[in-house]
Amino acid sequence: MAEHPSRAAGSRAPGRVVAVVPLRDGTSGKSRLAHVLDPDARSRLVAVLARHVVSTLLASGAVERVVVVTSDPRFAWRALQDLVVHAASGGDDGPHLRTDDADRLRIVLQPADRPGLDTAVDVGREIAAEDGPVRVLVAHADLPALTTDDVAALLAADPPVVVATDRHRSGTNLLVLDLIAAPFRTRFGADSLAAHLAEAAAHGLRSVVVQRPGTATDLDTVDDWGELPARVRAAVGQHVPGLHDATPGPQDRSASGGTR
């Protein structure tokens, strides 16, 4: 970890934690893998990755609730329903037996007149704060190596702004905002690490950068796939076998770093 002090010190206020996960629809995601995966396979990959991230957050004892913000709630429900409904229950007519995590997951429609990733985060933060001030953990939905230990490490960090960067050390894969960081506006996009550190400094908030194996590797390109541990590739590959034979294409060779 490398701490970045700013004009005024802030300290972490322990409290409730709500995770916000922006999730794209099931048709437009993972376009940089289009040369190795057909649309159905890419949609399946988006679902598999989202299910892993959300299930990891739900398994983290410090996370009270998970709010998934999406323009496609039907796709999100299909991807995540196994986390809140027992597989053997329901059917067309039978009752659905809810899991213990059913009340901790909320899928929210992102309004059509509020598009974009930062706006999706804003929607999630608004919902997270409905029951009072909370710490917010923003997590991208495509982190196949994310573990509960990673989540615990981020939440244990002291500064009010915690930025988990990607393997290129340019983007932001997860972001923790403390209670006193309410004025902080997210700046996802190209070079978002620098943008988020600047945003923290502008509000006089201390910040820290975290880079762990489970938080640093997302899955947007074949090069990303090659960076994943073998056990993670095996777990994802059983649902999306086309990735096993993937070779880098122009999208990978031209990629110079994170774009979020």
Should the ring pair His196 and Phe188 be called parallel, tilted or perpendicular, given that the plane angle runs from 0 to 90° and is split at 30 and 60? perpendicular
Any sub-3.5 Å donor-acceptor pair from Lys30's side-chain atoms to Leu219's backbone N or O? yes
Heavy-atom donor-acceptor pair, Asp178 side chain to Ile180 backbone, under 3.5 Å: no
Using the rule that two of Ile, Leu, Val, Met, Phe, Trp, Tyr join whenever any of their side-chain heavy atoms come within less than 4.5 Å, decide whether Val54 and Trp77 are in one cluster. yes
Short question: side chain of Ser43, backbone of Pro39 - any donor-acceptor pair under 3.5 Å? no
How long is the gap from CG on Asp191 to NE2 on His168, to the nearest 0.5 Å? 12.0 Å
Looking at CG of Leu143 and CG of Asp150, how far apart are the two atoms once the value is rounded to the nearest 0.5 Å? 9.0 Å
Rounded to the nearest 0.5 Å, what's the gap from CZ on Arg78 to CZ on Arg51? Could you check? 12.0 Å
Heavy-atom donor-acceptor pair, His239 side chain to Val48 backbone, under 3.5 Å: no
Donor-acceptor under 3.5 Å (Arg106 side chain, Val67 main chain): no
Hey, does the side chain of Arg16 reach the backbone of Glu64 with a donor-acceptor pair shorter than 3.5 angstrom? no
Verdict with reasoning, Asp158 to Arg206, per salt bridge (Lys or Arg N to Asp or Glu O under 4.0 Å): CA-CA 9 Å; Asp158 181 67; Arg206 291 187 302 124; 2.5 Å; yes
Quick one: does Thr27's side chain get under 4.5 Å of Phe75's, heavy atoms only? no
Between the side chain of Thr215 and the main-chain N/O of Gln211, is any donor-acceptor distance below 3.5 Å? no
Can a donor-acceptor pair be found, under 3.5 Å and without considering hydrogens, that links the side chain of Ser60 to the backbone of Val63? no
Spatial distance of atom OG1 (Thr186) from atom CG (Leu177) [nearest 0.5 Å]: 8.0 Å
Min side-chain heavy-atom separation Val68-Val108 under 4.5 Å: no
Between the main-chain N or O of Arg24 and the side-chain N or O of Gln110, is there a donor-acceptor pair closer than 3.5 Å? no
Counting only N and O atoms by type, is there a donor-acceptor contact under 3.5 Å from the side chain of Asp166 to the main-chain atoms of Ser170? yes
Test side chain to side chain donor-acceptor pair (under 3.5 Å) on Thr147 and Asp149 and set out the steps. CA-CA 5 Å; Thr147 68; Asp149 286 344; 4.9 Å; no
Considering residues, nucleotides and ligands other than Arg114, do more than 12 of their heavy atoms fall under 6.0 Å from its CZ? yes
Any chance you could measure Thr217, atom OG1, to Asp223, atom CG, to the nearest 0.5 Å? 11.5 Å
Under 4.5 Å between any side-chain heavy atoms of Asp220 and Leu33, yes or no? no
For the CZ atom of Arg187 and the CG atom of Asp118, what is their distance to the nearest 0.5 Å? 7.5 Å
